[in-house]
Amino acid sequence: MLCVIKHCVILYFLKKIQRLYQTYNMAKELTPRSENYSQWYNDLVTKADLAENSAVRGSMVIKPYGYAIWEKMQQVLDGMFKETGHQNAYFPLFIPKSFFSKEASHVEGFAKECAVVTHYRLKADEKLGIIVDPDAKLEEELIVRPTSETIIWDTYRRWVQSYRDLPILINQWANVVRWEMRTRLFLRTAEFLWQEGHTAHATEREAIAEAEQMLRVYATFAREYMAMPVLTGVKSPNERFAGAVETYCIEALMQDGKALQAGTSHFLGQNFAKAFDVKFVNKENTQEYVWATSWGVSTRLIGALIMAHSDDNGLVLPPRLAPIQVVIVPIFKKEEEFAAITERVQEVMKELRKRGITVKYDDRDTHKPGFKFAEWEMKGVPVRLAIGPRDLEKGTVEVARRDTLEKETLQFIHIAEKIEHLLEKIQENIYQKAFDYREQNTFKADNWEDFKTKIEAGGFVLAHWDGTTETEIRIKEETKATIRVIADNIAPETGKCVYSGNESKRRVVFAKAY
RNA sequence: CGGGGUAUAGCGUAGUCCGGUUAUCGCGCCUGCUUUGGGAGCAGGAGGUCGGGUGUUCGAAUCACCCUACCCCGACCA
């Protein structure tokens, strides 16, 4: 009897918990970061309406709001590339398989994740429906580009004869495919969007200068637009791009203490020139191989942007990359009030637009203000204005900032100017917060036990390394940490390798990475 | 690609172990009224090849086999 009552009580509470859970879900809330960081990230991407998984394994649909962020990134970066003398062009999606075998380490690096086109036709089959036509086999199979070095260098061979044809400074905006085993929205997908710069130079020095210049462009973009502090430097030989002589990178620290490579720039030496026989005649009339670079950033930057700043209420976007910088929510009961508010809003919008600020008036009458507040907060709009009858009376406006969630009521007078300043302040504050976080999560480790503890806890760990790939691999096997960057802001100092105890000339940055 | 898990309406789910009337609930959606300064309330309504296929059975969301997709953990990687 007692048992039955107990059972009923338990059932009752189970139902209650389920009800609570359902309410929680409908409220569009995020899983808190502290509870499950990965889940938080996935929730955020979905609920901020940035992207979703598609019918194709590992490939995502980038939704309009997410794509708008990418467009902003593209616009800024494209301007920076043009300023540094580059031009855009477009090379094919398909690459003949034979091209790949020409640069040995390059093939090795990418062979395992290439999609291959083998046929060019389908046909109807009575039993199986549509099938690949076995009679339509390609003479030479085509690789869907995982990166374009090979096809581009095959092309450059025909473009370069004399030193007068150099340098070639080209960028392309494109999609690439890398058949990844485990994918995550934006961070790692089978197909992704990126830009890849490919340059050809007469001298080694000039090529190195180019690779370094583009790294600085990326670092500037990350810091000034994404409000994301980055370390710059070079990769260890083990982490180098397949086919590169030197790989430069920008490396950022995410809120869960894991590192994320946000952009790379490669000095390719003469590897591709030799593989594709790209020579030029110099002023002394002798044949020389061309020197090369390549550099790229991808839609992964959106993942970095999300993880760098966002909180448990949703996305936090830096004003300089926010598709909508200011959203205005009217608060009204009667039609007349709405009309009067709208009139006032038009004035504000005009002033804001004059200053180049992107503003949206959320005049939907299908949702209540509270709903709109929550929605725009989830989408990370930096500044929200609310205007209601009380504001019209007093000549005020409520200004809420997304980064701190603070609200204040300001006078209408010079409101556009105040908001312009506020946007700048938000941009700075977001950067500062991310910077402070990184500082607080950067540690030194001088012995193996300490190293393991600190790596486990997360963050950047600065430690001495003997410079051998063998040690690097051992460390990775034992701790999952890799050398993220041999950072150029860390001064050389002698010491003992944290793993082997051998001589070391400098500390390098270790972390677990995405 | 290995190991584990999941798949029921747009989303989140109950039911599956132990097969049996018309498949549960919440959110969302539609209509109406009342609401609107932080995710509105009430009333009514629509919406389902139970991931796909094959089988077992009088009868399958439920059992068996196969396939597919997604999630978590490893190996690989921007």
Side-chain angles (χ1 to χ4, degrees), chain A residues 11 14-29 36 38-39 42-43 46-47 52-59 108-114 146-147 176-196 218 235 239 241-242 247 249-252 259-266 294-304 313-314 329-335 337-338 341 364-378 384-392 396-398 400 405 407 409 476-477 480 482 513-514:
Chain A
L11 265 182
L14 278 176
K15 282 277 171 205
K16 198 126 201 194
I17 287 164
Q18 190 194 343
R19 190 67 71 82
L20 274 171
Y21 181 70
Q22 286 171 340
T23 311
Y24 171 84
N25 270 321
M26 75 84 188
K28 261 199 161 184
E29 275 171 21
N36 185 341
S38 299
Q39 193 57 47
N42 290 337
D43 285 358
T46 308
K47 289 178 177 172
E52 61 188 35
N53 280 310
S54 72
V56 184
R57 181 188 165 76
S59 299
E108 209 182 303
F110 286 106
K112 285 168 291 182
E113 50 187 28
C114 285
T147 179
V176 286
V177 169
R178 295 180 188 175
W179 215 260
E180 299 289 352
M181 290 303 150
R182 277 186 74 187
T183 59
R184 296 194 64 194
L185 293 167
F186 290 117
L187 296 174
R188 181 170 301 107
T189 47
E191 178 187 0
F192 57 93
L193 304 182
W194 77 346
Q195 62 62 219
E196 46 180 327
Y218 289 152
K235 286 290 186 190
E239 295 278 324
F241 174 74
T247 288
C249 65
I250 55 172
E251 203 73 25
L260 185 114
Q261 179 175 306
T264 52
S265 174
H266 314 289
S294 69
W295 29 275
V297 294
S298 71
T299 36
R300 175 180 246 203
L301 287 180
I302 297 174
N313 297 302
V329 177
I331 292 153
F332 59 95
K333 288 184 189 164
K334 295 173 236 142
E335 271 304 309
E337 284 173 352
F338 178 62
I341 290 164
R364 290 176 294 178
D365 58 3
T366 50
H367 296 273
K368 291 186 41 163
F371 180 92
K372 295 177 183 178
F373 292 173
E375 181 169 280
W376 294 115
E377 226 160 74
M378 182 67 77
R384 182 189 71 232
L385 307 183
I387 302 177
R390 287 206 305 261
D391 295 302
L392 289 187
T396 57
V397 56
E398 184 190 86
L405 297 170
K407 286 195 286 198
T409 302
K476 187 181 177 183
E477 281 168 358
K480 286 174 195 149
T482 49
Y514 274 94

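Keep in mind that the numbers below use all heavy atoms, side chains included, and drop hydrogens, waters and symmetry copies. The sequence lines fix the lettering, A, B, ..., with proteins before strands; numbering per chain opens at 1.
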Output the rounded distance in Å from [atom1] ([X]) to [atom2] ([N]).
X: A:E180; N: B:rA78; atom1: CD; atom2: P; value: 8 Å
X: A:K368; N: B:rG28; atom1: NZ; atom2: P; value: 13 Å
X: A:E113; N: B:rA78; atom1: CD; atom2: P; value: 7 Å
X: A:R184; N: B:rG74; atom1: CZ; atom2: P; value: 12 Å
X: A:F373; N: B:rU36; atom1: CZ; atom2: P; value: 14 Å
X: A:Y218; N: B:rA78; atom1: OH; atom2: P; value: 14 Å
X: A:K372; N: B:rU36; atom1: NZ; atom2: C1'; value: 9 Å
X: A:F371; N: B:rC27; atom1: CZ; atom2: P; value: 14 Å

*Close side-chain approach of A:W194 to A:E196, heavy-atom, < 4.5 Å*: yes
_Side-chain heavy-atom pair A:V329, A:L385 within 4.5 angstrom cut-off_ = no
Both distances below 3.5 Å, Watson-Crick or wobble geometry, any strand: find the nucleotide opposite [N].
N: B:rC1; answer: B:rG74
N: B:rU21; answer: none
N: B:rC50; answer: none
N: B:rU6; answer: B:rA69
N: B:rA43; answer: B:rU31
N: B:rC63; answer: B:rG55

Looking only at atom [atom1], what distance separates [N] and [M], rounded to whole Å?
N: B:rG28; M: B:rG12; atom1: C1'; result: 11 Å
N: B:rC73; M: B:rG55; atom1: C1'; result: 34 Å
N: B:rU57; M: B:rG44; atom1: C1'; result: 42 Å
N: B:rU22; M: B:rC27; atom1: C1'; result: 24 Å
N: B:rC50; M: B:rU62; atom1: C1'; result: 10 Å
N: B:rA14; M: B:rG4; atom1: P; result: 22 Å
N: B:rU24; M: B:rC67; atom1: C1'; result: 29 Å
N: B:rU6; M: B:rG52; atom1: C1'; result: 16 Å

*Give a yes/no on whether any side-chain N or O of A:N42 is located under 4.0 angstrom from OP1 or OP2 of B:rC70.*
no
Sugar-phosphate, base or nothing in reach of [X], heavy atoms under 4.0 Å:
X: A:T264; result: nothing
X: A:F192; result: base
X: A:T189; result: base
X: A:L187; result: base
X: A:G303; result: nothing

_On RNA chain B, compare the nucleotides closest to A:K476 and A:K407; which residue's is nearer the 5' end?_
A:K407
*A:R384 vs A:D365, nearer the 5' end of RNA chain B by closest nucleotide*: A:D365
Which nucleotide wins on minimum distance to the side chain of [X], given the candidates [options]?
X: A:P369; options: B:rC76, B:rG37, B:rA78; result: B:rG37
X: A:A374; options: B:rG39, B:rC72, B:rG37; result: B:rG39
X: A:A386; options: B:rG37, B:rC72, B:rA78; result: B:rG37
X: A:E377; options: B:rG39, B:rG38, B:rC72; result: B:rG38
X: A:D391; options: B:rC71, B:rG37, B:rG38; result: B:rG37

*Does CD belonging to A:Q39 count more than 12 external heavy atoms closer than 6.0 Å?*
yes
*Please indicate whether A:W179 has more than 12 foreign heavy atoms, meaning atoms of other residues, nucleotides or ligands, lying under 6.0 Å from its CH2.*
no
Is there a donor-acceptor pair under 3.5 Å between the side chain of [X] and the backbone N or O of [Y]?
X: A:Y218; Y: A:A262; value: no
X: A:T189; Y: A:L185; value: no
X: A:T247; Y: A:F241; value: yes

*Between CZ of A:R178 and OG of A:S298, what distance do you get to the nearest 0.5 Å?*
8.5 Å
_Between the base of B:rG39 and the side chain of A:E375, is one N or O donor paired with an acceptor at under 3.5 angstrom?_
no
